[in-house]
Structures are given as structure tokens and as C-alpha cells.
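In what follows, a structure is listed as C-alpha cells, so that the remarks can point back to it.
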Number of protein chains: 2
Amino acid sequence: MPRPSAREIVLDAYVDILIEHGPGSVTLDAVAAKAKVSKGGLLYHFGSKEALLTGLLDRVWRLSFADVEHARTAPGGPVRYFLTSSVTDASMDKPAHRASMAALRQVGADERVAQTIRNCGQLWRNLLAEHIEDPLTAEMVGALGDGLYLRATMGEETETLANQIDEVLRRLGA
Amino acid sequence: MPRPSAREIVLDAYVDILIEHGPGSVTLDAVAAKAKVSKGGLLYHFGSKEALLTGLLDRVWRLSFADVEHARTAPGGPVRYFLTSSVTDASMDKPAHRASMAALRQVGADERVAQTIRNCGQLWRNLLAEHIEDPLTAEMVGALGDGLYLRATMGEETETLANQIDEVLRRLGA
DNA sequence: GTCTATAGATGGATAGAC
DNA sequence: GTCTATCCATCTATAGAC
């Protein structure tokens, strides 16, 4: 485990603040303080506030891509991995989910945000389509997972469904 | 149709800016300009930025409650109404959806935001539970609708599922 | 590569005229 | 009920020392 670069530490702080306080509270001062660098130090790595967002979107895409690849070889299969991670990891500190949660809070701030999130969604949908024969079923699994993800990011109880993923998949025929 | 009060016009402007530019761009100046009042005029109706958020959350709850009541007597039944409106109205300018989309962008800014959204979600889940016998099926329909809603708010294509709502419901047995 | 200092702009909120 | 004017805190970004 190599020590994370200063760039990554700053990005972590940016993500933390977005998730905990929202975009209205994101200031260079706040990010620098959380990352324990000075504002000048921060601006050496990210030349502007917009550069921070760019860095976040890069991370979101990179981690989502890796997560989808990881799903391909997951023990219970990709489909099961998709649903369980939608519901389980969103509240935990899996980096891929933290990054996309942070990005979700920036929708509207820049066109690239929604674009990136859509691209990541497409990755997952492609994966599901590869492993579920019927197209409509694949779409339904995708939408259901997205719903679980949304709920988890809202701090909602998802146990009712989380404990019955196998039965859910059986009923969907996936 | 009574002319909307100044309060409502200001709230509309606040919602517009949240949806179009995100919370990072919400300033009293911007809201006042969009509502075509002065900053002083705005602050007469909402004494602070926080009061604007409070006003939004009130509206979200009020409109969601009314929408759920409206769903009870919808032509195709409440369940069908839930799914079709999740997918259709989110991109349109139905006030209930615009308000909750705006609130969604403020998650993290204040605890009450996620709380309000959870409460509204509970309203819909109760409705579904009343009209779908099997509890797990009801939960699945709810999650699927939430997924469609999330996608619609991201400007995502939802037509594949939107055109097959009846088949979706048939497969879910709802 | 990280810091301090500071410029210059913009933010939220108040006071008081009309 | 709506406006203008203003205060002061905070924000982004730059300049330049170390």
C-alpha cells in the first residue's frame, strides 16, 4: 500500500466535504484545511476549483471502470455483485462509491458531471446485458440497483431488500 | 389559477437555480435576479439562505403528499401511476418533481434534507404496500421506481423501460 | 513542492428610505 | 412589501519567499 500522493489526499478531502456538507460548503480553505495543506499548497496541485471537479470526475470514471472489471470475476457472479454492492457499499467507505456520491452532489454545476455519471451507468448496464439474456430483465435489474443505490446514499434503510437479494433475482428471472 | 405569491415566485427561482446550476451557484443575488426582485425584497420573504431551504423542504413535503393522494385515484391505479410518473415527469416541469429534484441537490447541506426525502419516500412505499399484496414485490416496485427517478434526474434515456411499464408490472406480479 | 501575504471580487445580511 | 446603500466576512486566485 503506497502512501497516497498529496494530490489524492486533497481529492479525498474534497470528496469528504462534498458528501458531508454539500457543494455550497466547498471552499478552497475548507478543502485545504481538511487535507492539512495550505491553500497555496492545494493550488499547486489543482490550479482552480474547477480543476478539483475535473480531478473528481477522473477518479469517478477510473474507479467505476475498475469496479465493473472487478465485478466480472466476483464470487456470486456480476449480477449479484451489482445488486449487493449497490445496497451495501454506498453507506460504507468504498472509494468508488464515495467518489460517485460526491459527484452526484455536483450535478448541475457542470455538464461533465451528469455526463460522467451516465457513462459509468452505461458500463454497469453493459455488464448486466452481457450476463442476463433477456434485455428487459437486464434493464429492470439495473433500475432496481440504481434505486437501492439512491436510497443508500440518502441514509435509508435497505435491509428488507438487502437480505433477500437472491429471492429478488429469482423473481426477476436473472 | 390565482397569481402566485411573491414567496412562491422566489421559491421557484431557488428551485430553478438548484436544478440548473447546483447548490454551489445558489446565492441570494442569483435567486433575487431570477425572481426579478431585489436582494432586499427577497430577504423580506425569506430572512436568510437557510430560510429558503426550509421553504423548499416545506414545499417538497406538501407537494409529495398531494401527489400521493392524487395517485390513489389515478386511472391506471396507484402502482402504475408511481412507475410512469417516476420516469415521465422527472424531466418535465411537474412542480412536485422539480421541488424534490432541487432538494436532492441539497443533501448534505442540512440533515433535514435527507430526512424530508426519506419521509416522502415512505409515503410512496406505504401507498405501494397498500396496493400490492406481497411485501417483497412492493419493495421491488418501489426500488425500481426510485432507480427510474434517479436516471431521469440525470437526464438519462429511460424509454426502454418507460415503453414497457405494463410488461414490467406483469413480470413483477404487481 | 509548500508556504504566507495580499489583492480583488463576491458573499450574506442589516438599515432605513419610499 | 419592495427598494438602495452599505458593512463586513469570506472567497478565489496570484505573487513571491523558502
Side-chain angles (χ1 to χ4, degrees), chain A residues 1-59 102-103 105-113, chain B residues 1-59 102-103 105-113:
Chain A
M1 209 71 167
R3 166 172 333 135
S5 69
R7 240 186 100 90
E8 295 302 307
I9 292 172
V10 168
L11 221 39
D12 287 343
Y14 179 57
V15 166
D16 286 348
I17 294 173
L18 274 174
I19 292 175
E20 283 159 31
H21 305 291
S25 304
V26 174
T27 65
L28 297 182
D29 285 293
V31 175
K34 188 121 199 166
K36 284 173 185 152
V37 293
S38 68
K39 205 184 336 190
L42 186 163
L43 283 163
Y44 171 77
H45 295 287
F46 296 93
S48 70
K49 224 179 164 184
E50 199 192 338
L52 272 172
L53 179 56
T54 305
L56 172 62
L57 296 181
D58 279 359
R59 175 186 278 193
R105 305 255 163 113
Q106 287 278 41
V107 178
D110 190 306
E111 287 196 1
R112 296 170 298 159
V113 179
Chain B
M1 208 74 168
R3 167 172 332 138
S5 69
R7 239 186 101 90
E8 296 301 309
I9 291 172
V10 168
L11 220 40
D12 287 342
Y14 178 57
V15 166
D16 287 348
I17 294 173
L18 274 173
I19 292 175
E20 284 160 30
H21 305 291
S25 303
V26 173
T27 64
L28 298 182
D29 285 292
V31 174
K34 187 120 198 166
K36 284 170 184 154
V37 294
S38 67
K39 196 157 32 161
L42 187 163
L43 284 162
Y44 171 78
H45 295 287
F46 297 92
S48 70
K49 221 180 164 184
E50 200 192 337
L52 270 172
L53 180 55
T54 305
L56 172 62
L57 296 180
D58 278 358
R59 176 187 276 195
R105 305 253 164 117
Q106 287 278 39
V107 177
D110 191 307
E111 287 196 1
R112 294 171 298 159
V113 179

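Reminder, nothing fancy here: chain letters follow the sequence lines and each chain counts from 1.
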Looking at every heavy atom in both A:Arg105 and B:Pro23, which two are closest together, and how far apart are they?
O-CD, 4.3 Å
B:Leu11 and B:Leu56: which non-hydrogen atoms are nearest, and at how many Å?
CD1-N, 3.9 Å
Nucleic acid footprint by protein, nucleotides 2-18 of chain D - heavy-atom cut-off 4.0 Å, B for base, S for sugar-phosphate alone:
BBB------SBBB----
Which pair of heavy atoms, one from B:Ala30 and one from B:Ser25, lies closest together, and at what distance?
CB-O, 4.0 Å
Sub-3.5 Å donor-acceptor pair from the side chain of B:Lys49 to the main-chain atoms of B:Val26, do we have one?
yes
Does this structure show an ion pair linking A:Asp12 with A:Arg59, if we count only N-O contacts that are shorter than 4.0 Å?
yes
